[in-house]
There are 2 protein chains.
Amino acid sequence: MTQEPHAARRTDAERNRTLILEVARDALARSGEVTMKSIAQQAGVGQGTLYRHFPTREALVLAVYRHDVGELVDAAKDLLAEHEPAEALRLWFDRLAAFGRVKHGLAGVLHAATRRDLSATYYQPVVDAIDRLLHAGRQAGQVRADVDAADVLLLVSFLWRADQDEDWDRRARHLLRIALDGLVTTR
Amino acid sequence: MTQEPHAARRTDAERNRTLILEVARDALARSGEVTMKSIAQQAGVGQGTLYRHFPTREALVLAVYRHDVGELVDAAKDLLAEHEPAEALRLWFDRLAAFGRVKHGLAGVLHAATRRDLSATYYQPVVDAIDRLLHAGRQAGQVRADVDAADVLLLVSFLWRADQDEDWDRRARHLLRIALDGLVTTR
DNA sequence: ACCTGAACACCGTTCAAGT
DNA sequence: ACCTGAACACCGTTCAAGT
């Protein structure tokens with residue numbers, strides 16, 4: 001999950017790309033309902049430019065969250081190194097909650113990802129990270145054996161819901177805790 | 001959750017309404033991506049007629065599932081009369097899975113419902129049904145005390161996901177079982 | 001190479017004109 | 001009262017024309 005270096009670009013193109021990403025990140029954090037047109041306008045570029053850099057809405061959303069998804073993926077390994085598997089999973093879920101809070105628009109994207117090629121590149125590392133957590137948990141007898149990463153992603157898919165009110169964060173963590181209780185082995 | 005009798009309507013209007021509902025039910029069972037236009041066409045009516053009977057897409061979707069939601073709601077009481085609370089909840093989740101399998105389009109609707117007035121009429125009975133199940137479970141010490149109906153609805157919201165492949169039914173039941181394990185009190 | 005913005009296809013919804 | 005379908009506003013995406 002490393003940031004690949006981009007091919008040489010003209011300076012104006014480079015600048016536009018950065019601008020678009022900044023604007024999109026801001027706008028998407030506020031609401032998942034931003035239009036492509038408004039993003040282009042706020043970035044001060046034509047719609048064609050927006051589409052030259054990001055061929056679809058999906059591509060833009062993924063590019064915006066690329067860095068954060070990377071951190072999430074890396075965190076799985078780190079947490080496993082420092083904690084018991086079940087505890088690592090619990091802590092990772094907390095990060096997931098924090099991530100989900102601002103990440104509108106990921107709703108469809110992360111899931112439609114299973115088939116679509118484009119997002120598969122982003123989807124696979126996430127699946128791998130979850131698999132790593134689940135596998136360690138199973139080895140330690142702390143996580144039930146009949147769940148895979150796809151199950152977990154579906155189970156926490158409420159995180160990408162749009163209607164987040166004030167105390168969404170608390171509620172999200174609470175629900176993740178309940179989901180986790182379902183995932184750990186009943187003693 | 002009773003079917004309210006409608007005001008007197010002209011025969012052609014009555015017939016159109018029925019036709020639209022039949023077509024919409026069929027189309028929505030197949031996919032949540034049906035357009036209003038295509039529903040009108042298949043029913044052999046103008047788009048204006050469709051909108052005269054159902055002022056928004058949301059209203060149409062809700063009307064289509066009205067009957068099924070009613071059955072779901074009624075089932076909660078019946079199951080509680082015949083089973084232990086935790087078991088009743090388990091069985092109700094099975095019905096929910098069967099319901100969710102064909103019920104695309106309910107995705108947004110059932111959730112946006114919290115605020116919107118229209119859908120609140122349908123939303124409240126569902127909340128009440130879940131509350132009944134939870135309350136009985138708590139009384140019997142079989143369900144954890146820190147969950148409410150809204151939590152449960154969020155936790156099972158993966159049911160309304162669009163990308164349902166072949167063995168979706170099996171997967172859905174499996175995930176509901178996991179969610180349930182998180183909801184029951186750890187002994 | 002890259003940028004611009006008018007234009008296209010398609011959606012949900014509305015409304016003037018008909019019976 | 002109710003029906004019809006052209007029309008509207010708005011979305012994501014494309015493309016001819018410019019630098």
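A, B, ... follow the sequence lines: proteins, then strands. Residue 1 opens every chain. The structure displayed is predicted, hence computed values, not measured ones.
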Closest heavy-atom pair and its distance - A:Leu175, B:Asp151
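Shortest heavy-atom contact: CD2-O, 3.4 Å.
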Can you see which heavy atom on B:Leu19 is nearest to which on B:Ala43, and at what distance?
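In terms of heavy atoms, the two residues are closest at CD2-O, 3.1 Å.
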Any salt bridge linking [X] with [Y]? Criterion: basic side-chain nitrogen under 4.0 Å from a carboxylate oxygen.
X: B:Arg17; Y: B:Glu14; result: no
X: B:Asp146; Y: A:Arg177; result: no
X: A:Arg132; Y: A:Asp128; result: no
X: A:Arg25; Y: A:Asp68; result: yes
X: A:Asp26; Y: A:Arg30; result: yes

Could you tell me the separation between the [atom1] atom of [X] and the [atom2] atom of [N], rounded to a whole number of Å?
X: A:Glu33; N: D:dC10; atom1: CD; atom2: P; value: 14 Å
X: B:Leu19; N: D:dC2; atom1: CG; atom2: P; value: 16 Å
X: A:Ile20; N: C:dT4; atom1: CD1; atom2: C1'; value: 13 Å
X: B:Lys37; N: D:dC10; atom1: NZ; atom2: P; value: 19 Å
X: A:Gln41; N: D:dG12; atom1: CD; atom2: C1'; value: 14 Å
X: B:Leu60; N: C:dC11; atom1: CG; atom2: P; value: 16 Å

Under a 4.0 Å heavy-atom cut-off, which of residues 45-54 of chain B touch DNA chain D?
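Only B:Val45, B:Gly46, B:Gln47, B:Gly48, B:Thr49, B:Arg52, B:His53 qualify.
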Going by side-chain hydrogen bond (donor to acceptor under 3.5 Å, both in side chains), name the residues that satisfy it together with B:His83, two or more places apart in sequence or in a different chain.
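Listed in chain order: nothing, the list is empty.
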Side chain of B:Met36, heavy atoms from C-beta onward: which of D:dC2, C:dT13, C:dC2 has the nearest atom to it?
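The answer is C:dT13, which lies nearest to the side chain.
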Identified stems (criterion: three or more consecutive Watson-Crick or G-U pairs, under 3.5 Å), DNA chain D
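Paired runs of 3+ in DNA chain D: C:4-8 with D:12-16, C:12-16 with D:4-8.
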Output yes when at least one side-chain N/O atom of B:Asn16 is less than 4.0 Å from OP1 or OP2 of D:dC2, else no.
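Negative; the distance criterion is not met.
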Less than 4.0 angstrom between a side-chain N/O of A:Arg57 and OP1 or OP2 of D:dG12, yes or no?
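Affirmative; the distance criterion is met.
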Test A:Gln47 against every option in A:Arg52, A:Gln41, A:Lys37, A:Met36 by the side-chain contact (heavy atoms from CB on, under 4.5 Å) rule and name the one that passes.
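It is A:Lys37; the other options fail the test.
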